[in-house]
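For reference, the structure is listed below as structure tokens.
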Amino acid sequence: MLSPWIAHYWHWHLPSNTLLPELFPGTGGELLFNLGVSLRLDILPLDSDIISNTYLIGTGHLFLLSPRRARLRISPQLTQSTVKFISARLRCGTSFPLLGISLAELREMPLSLNDLILKHPIPDLWHLPFIAQVNHLEQWLIKMLDKHITDVPDMALAANRLYYGESLSTVRQELALSERTMERHIKHFIGVDARYFCRTAKFQHTLRQILAGQTMLDGALNHGYTDQSHFIKTCRFFTGLAPGELLTKQYRRLNYYQLTDCYSESK
């Protein structure tokens, strides 16, 4: 039922001293419910290794994370503490119709849903097994979407078509929009211009393939990079690291692209 809105639900329950990977610029959003100790969230712009902002994700808080031109670094506020949260991964363009807040206005700022006046209270997920948490989250999202549960806006559908590789000119022509009008509308749904969004999606697809076992060269060529050096340059842009520095054994085991503990929304 929610498959047009939610890609999947996933959770991590990690022991203390586990180094969490950075969350790189994305195309959708994460509705992250913190069920453990308070988390520190650092914002690092792509052109700098200096933290620009820091936020606190308190215990029991629900946040929307939607980085576009920054990396997010998450760590427990208290050392020697376990990390525990569940997240619903929102598909491209669905955060705006779900919450009514333009991603272009949010920029890189995480949004605390606890600070909003919501139509329905945030569900109580404490002490529930993962599947029960998913069921509670689904029922809450269904209430939030109300009558619009199957009525995915055209711009959200357009964002998903771009994400899966359709050309910008084809999507824009089918919507019968001028280039300027298309950009103005779609920024509310995805937070950035369409060309940058497509560049981000291309990198995500390639990285996911490499993590799944494909060679760097094959993954790069399969997704339209001219050569391996082209992909290396893009990897540095989005992550601050060359692929050899990024793709460590630890990162291959723990990252945001391959999730072993997840539940796909295929209803």
Side-chain angles (χ1 to χ4, degrees), residues 6-12 14 18-32 41-49 65-75 85 87-95 103 108 159-168 190-262 264-265:
I6 305 294
H8 52 249
Y9 304 88
W10 60 279
H11 71 152
W12 279 348
L14 304 174
T18 301
L19 182 64
L20 273 66
E22 289 185 352
L23 181 59
F24 302 132
T27 50
E30 297 287 353
L31 272 178
L32 188 148
L41 179 66
D42 295 327
I43 313 294
L44 294 89
L46 291 184
D47 58 356
S48 173
D49 286 327
L65 308 181
S66 53
R68 293 297 182 263
R69 296 185 184 273
R71 312 190 313 268
L72 306 187
R73 184 178 295 162
I74 302 174
S75 57
F85 59 74
S87 183
R89 181 157 295 174
L90 303 179
R91 294 192 185 277
C92 311
T94 57
S95 301
L103 290 191
E108 310 305 331
N160 272 277
R161 291 172 63 187
L162 293 174
Y163 176 77
Y164 286 109
E166 290 196 51
S167 71
L168 176 57
I190 61 178
V192 291
D193 64 85
R195 293 189 187 281
Y196 179 87
F197 173 84
C198 292
R199 183 184 180 191
T200 308
K202 180 178 174 180
F203 172 70
Q204 287 185 332
H205 289 312
T206 307
L207 182 57
R208 189 175 285 112
Q209 290 262 306
I210 294 170
L211 289 168
Q214 198 166 55
T215 67
M216 188 193 312
L217 179 59
D218 287 343
L221 295 178
N222 287 344
H223 289 93
Y225 290 99
T226 55
D227 51 32
Q228 188 164 292
S229 62
H230 185 195
F231 173 72
I232 291 173
K233 182 179 179 180
T234 303
C235 186
R236 284 190 182 276
F237 174 78
F238 282 113
T239 72
L241 300 170
E245 298 170 307
L246 173 68
L247 298 170
T248 62
K249 182 182 293 186
Q250 167 71 2
Y251 185 78
R252 289 180 181 275
R253 186 184 68 82
L254 186 66
N255 58 71
Y256 293 96
Y257 294 87
Q258 291 181 310
L259 303 170
T260 55
D261 295 325
C262 66
S264 295
E265 173 46 68

Phe203/His223 aromatic ring centres below 6.0 Å =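 Judged by ring-centre distance (under 6.0 Å), Phe203 and His223 do not meet the cut-off.
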Looking at [X] and [Y], what are the two nearest heavy atoms and their distance?
X      : Y      : answer
Arg71  : Asp49  : NH2-OD1, 3.4 Å
Gly219 : Gln214 : CA-OE1, 3.2 Å
Ala242 : Cys235 : C-SG, 4.2 Å
Ser87  : Glu30  : OG-OE1, 2.6 Å
Thr226 : Leu221 : O-CD2, 3.7 Å
Pro21  : Asn255 : CG-CA, 3.9 Å

Contact check, side chains of [X] and [Y], non-hydrogen atoms, under 4.5 Å:
X      : Y      : answer
Ile6   : Thr94  : no
Leu162 : Ile190 : no
Thr234 : Lys202 : no
Gln204 : Phe24  : no
Leu14  : Leu254 : yes
Gln209 : Asp218 : no
Val192 : Arg69  : yes
Ile210 : Pro243 : no

I need the [X] [atom1] to [Y] [atom2] distance, nearest 0.5 Å.
X      : Y      : atom1 : atom2 : value
Tyr256 : Leu72  : OH    : CG    : 8.0 Å
Thr27  : Arg199 : OG1   : CZ    : 14.5 Å
Glu22  : Asp42  : CD    : CG    : 9.0 Å
Leu23  : Leu65  : CG    : CG    : 6.5 Å
Phe231 : Leu217 : CZ    : CG    : 11.0 Å
Tyr251 : Thr239 : OH    : OG1   : 8.0 Å

Which residues share a salt bridge (charged side-chain N to carboxylate O under 4.0 Å, His left out) with Asp47, sequence neighbours left out =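 With neighbours one apart ignored, the set is empty.
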Salt bridge (charged side-chain N to carboxylate O under 4.0 Å, His left out) partners of Glu108, counting only residues at least two apart =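 In terms of salt bridge (charged side-chain N to carboxylate O under 4.0 Å, His left out), with neighbours along the sequence ignored, Glu108 is linked to no residue.
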Does the side-chain contact (heavy atoms from CB on, under 4.5 Å) test come out yes or no for Leu247 and Leu241, once each step is laid out?
-> CA-CA 9 Å; Leu247 298 170; Leu241 300 170; over 6 Å; no
Would Ile232 and Met216 count as a side-chain contact (heavy atoms from CB on, under 4.5 Å) if you check the C-alpha gap in whole Å, the side-chain angles of each, and the deciding distance to 0.1 Å?
-> CA-CA 9 Å; Ile232 291 173; Met216 188 193 312; 4.2 Å; yes
Relative to each other, are the rings of His230 and Tyr225 parallel, tilted or perpendicular (30° and 60° limits)?
->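 Aromatic pair His230/Tyr225 classed perpendicular.
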Aromatic plane relationship, Phe197 with Tyr163 - under 30° parallel, 30 to 60° tilted, over 60° perpendicular |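 The rings of Tyr163 and Phe197 sit tilted, inter-plane angle from 30° to 60°.
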With side-chain contact (heavy atoms from CB on, under 4.5 Å) as the test, would you mind laying out the steps for Thr200 and Arg68 before giving the verdict?
-> CA-CA 8 Å; Thr200 308; Arg68 293 297 182 263; over 6 Å; no
Between the main-chain N or O of Cys92 and the side-chain N or O of Asn160, is there a donor-acceptor pair closer than 3.5 Å?
->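 Pair found, side chain donor or acceptor close to backbone of Cys92.
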